[in-house]
2 protein chains.
Amino acid sequence: MNLSKPMTAASINAVILALLDRGDSYGYEIIKNVRALSGGAIDWPAGSLYPVLHRMRTDGLVESYWQQPEGERRRRYYSITAKGRKALGEEKAQWMTVHNLLMQLWGPDPAFGL
Amino acid sequence: MNLSKPMTAASINAVILALLDRGDSYGYEIIKNVRALSGGAIDWPAGSLYPVLHRMRTDGLVESYWQQPEGERRRRYYSITAKGRKALGEEKAQWMTVHNLLMQLWGPDPAFGL
DNA sequence: TCAGTATGTTTAGATGATCTACATATGGCG
DNA sequence: CGCCATATGTAGATCATCTAAACATACTGA
């Protein structure tokens with residue numbers, strides 16, 4: 001399918017924050033989870049995700065820490081902050097606002113009684 | 001509420017095409033309809049809409065024609081084309097792909113069985 | 001041992017489509 | 001006459017992502 005750039009841009013923040021709200025994770029795992037949860041439809045290039053995570057850290061929406069399991073590559077884990085949860089709430093509200101509008105427009109014609 | 005720029009960018013095409021799929025309309029009316037249908041939450045500046053309509057015309061997603069009712073300002077009406085309907089279908093598919101992902105992430109935790 | 005693949009993170013610089021801000025025009029109303 | 005709502009248009013700035021590449025390590029199989 002390949003999401004358009006604007007669709008990716010509009011949803012990547014909400015998706016990342018929603019995932020981290022489930023529990024800490026790291027870049028590569030986030031990409032795999034999104035791919036799996038979307039049935040393969042959404043497959044972010046690494047270069048798309050990492051800069052967003054960095055920006056979120058700068059903005060205080062997430063925090064990060066390194067972890068190095070025995071015999072594995074080190075990973076930078078991210079956790080959502082209180083500010084990040086607030087931002088997630090706003091993302092949800094915006095998404096649902098647009099979704100409700102689209103549902104009206106895609107619904108049965110009679111509803112279009114303006 | 002004020003939609004973020006990325007959210008506007010990601011949805012404006014789908015909203016415009018969905019509206020025109022209901023029937024021909026013109027810029028100013030589209031803005032009013034979107035404002036009304038969203039309960040005032042979405043209020044596009046005119047300068048946001050017109051360039052998008054122009055680009056859609058260039059891309060062949062819509063066609064336009066002038067109309068000048070008695071004693072009223074002239075309006076440039078837009079109608080959706082076959083190509084526009086195809087694009088609308090793709091917009092729908094993309095929107096629902098992301099929406100389904102978000103619904104999973106916002107849903108009850110147990111579903112998160114990766 | 002060596003190549004290939006999956007894992008994992010990073011960033012410099014190009015890109016490009018919207019947003020800002022303004023311009024233009026006219027009909028109706030008090 | 002002045003103001004607001006109606007109605008459309010565009011030049012140039014803006015700015016966050018995308019592209020493309022690099023770096024690093026663990027494992028697998030030939």
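Below, chain A is the first sequence line, B the second, and so on; all start at residue 1. Note that this is a predicted model, so its numbers are computed, not measured.
The shortest distance between the side-chain N/O atoms of B:Tyr50 and the OP1/OP2 oxygens of D:dG9 is not below 4.0 Å. Distances shorter than 4.0 Å separate some side-chain N or O of B:Tyr26 from OP1 or OP2 on D:dA7. Between C:dG8 and A:Arg75, a contact under 4.0 Å exists linking OP1 or OP2 to a side-chain N or O.
Considering every non-hydrogen atom in both A:Arg73 and A:Gln68, the closest pair reads C-NE2, 4.3 Å. Residues A:Leu105 and B:Leu37 come closest through the heavy atom pair CD2-CD1, 3.7 Å. Between B:Trp106 and A:Arg22 the shortest heavy-atom distance is N-NH2, 4.1 Å. Nearest heavy-atom pair, A:Lys83 versus A:Gly60, reported as atom, atom and distance to 0.1 Å: CB-O, 3.6 Å. The two residues B:Ser25 and B:Ile30 come nearest to each other via the heavy atoms OG-CG1, 3.6 Å. Contact detail for A:Ala10 and B:Ala10: the closest heavy-atom pair is CB-CB, 3.3 Å.
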Just the atom pairs and distances: protein N or O near nucleotides 14-20 of chain D's N or O, under 3.5 Å.
| residue | atom | partner | partner atom | Å |
| --- | --- | --- | --- | --- |
| D:dT17 | OP1 | A:Arg55 | NH1 | 2.6 |
| D:dC18 | OP2 | A:Ser48 | OG | 3.1 |

(request) Determine, step by step, whether B:Thr97 and B:Leu101 satisfy the side chain to side chain contact (heavy atoms under 4.5 Å, CB included) criterion, reporting the C-alpha distance in whole Å, the side-chain angles of both residues, the deciding distance to 0.1 Å, and the verdict. (result) CA-CA 6 Å; B:Thr97 295; B:Leu101 174 59; over 6 Å; no
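Judged by distance alone, the side chain of B:Gln94 and the main-chain N or O of A:Ser4 form a donor-acceptor pair under 3.5 Å. Judged by distance alone, with hydrogens and angles left aside, the side-chain atoms of B:Ser48 form no donor-acceptor pair with the main-chain N or O of B:Trp44 at under 3.5 Å.
A straight line from CZ of A:Arg57 to C1' of C:dT9 spans 11 Å, rounded to a whole angstrom. Across the protein-nucleic acid pair, B:Trp66 atom CH2 and D:dT6 atom P stand 17 Å apart, rounded to whole Å. Atom pair B:Ile31:CD1 and D:dA5:C1' shows a separation of 13 Å (rounding to whole Å applied). One atom, NE2 of B:His54, and another, P of C:dG16, lie 22 Å apart when rounded to the nearest Å. The nearest whole Å value for the distance from the CG atom in B:Asp59 to the P atom in C:dA17 is 9 Å. What separates CD of A:Glu29 from C1' of C:dT9 is a distance of 15 Å, to the nearest Å. Rounding to whole angstrom units, CZ of residue B:Arg74 and P of D:dT8 are separated by 9 Å. Atom OH of A:Tyr65 and atom C1' of C:dG8 are 16 Å apart (whole Å).
For DNA chain C, no neighbouring residue in residues 80-99 of chain A is found when judged by any heavy atom under 4.0 Å.
Once rounded to the nearest 0.5 Å, the distance linking CZ of B:Arg57 with OG of B:Ser64 reads 4.0 Å.
Taking only distance into account, the side chain of B:Arg73 meets the base of C:dA25 through a donor-acceptor pair shorter than 3.5 Å.
Among the protein residues, B:Arg76 comes within range of the sugar-phosphate backbone only, with heavy atoms under 4.0 Å from sugar or phosphate atoms but none that close to a base. Residue A:Trp44 is out of contact with every strand shown, counting any heavy-atom pair closer than 4.0 Å.
In the set C:dT10, D:dG9, D:dT6, the nucleotide with an atom closest to the side chain of B:Lys32 is D:dT6.
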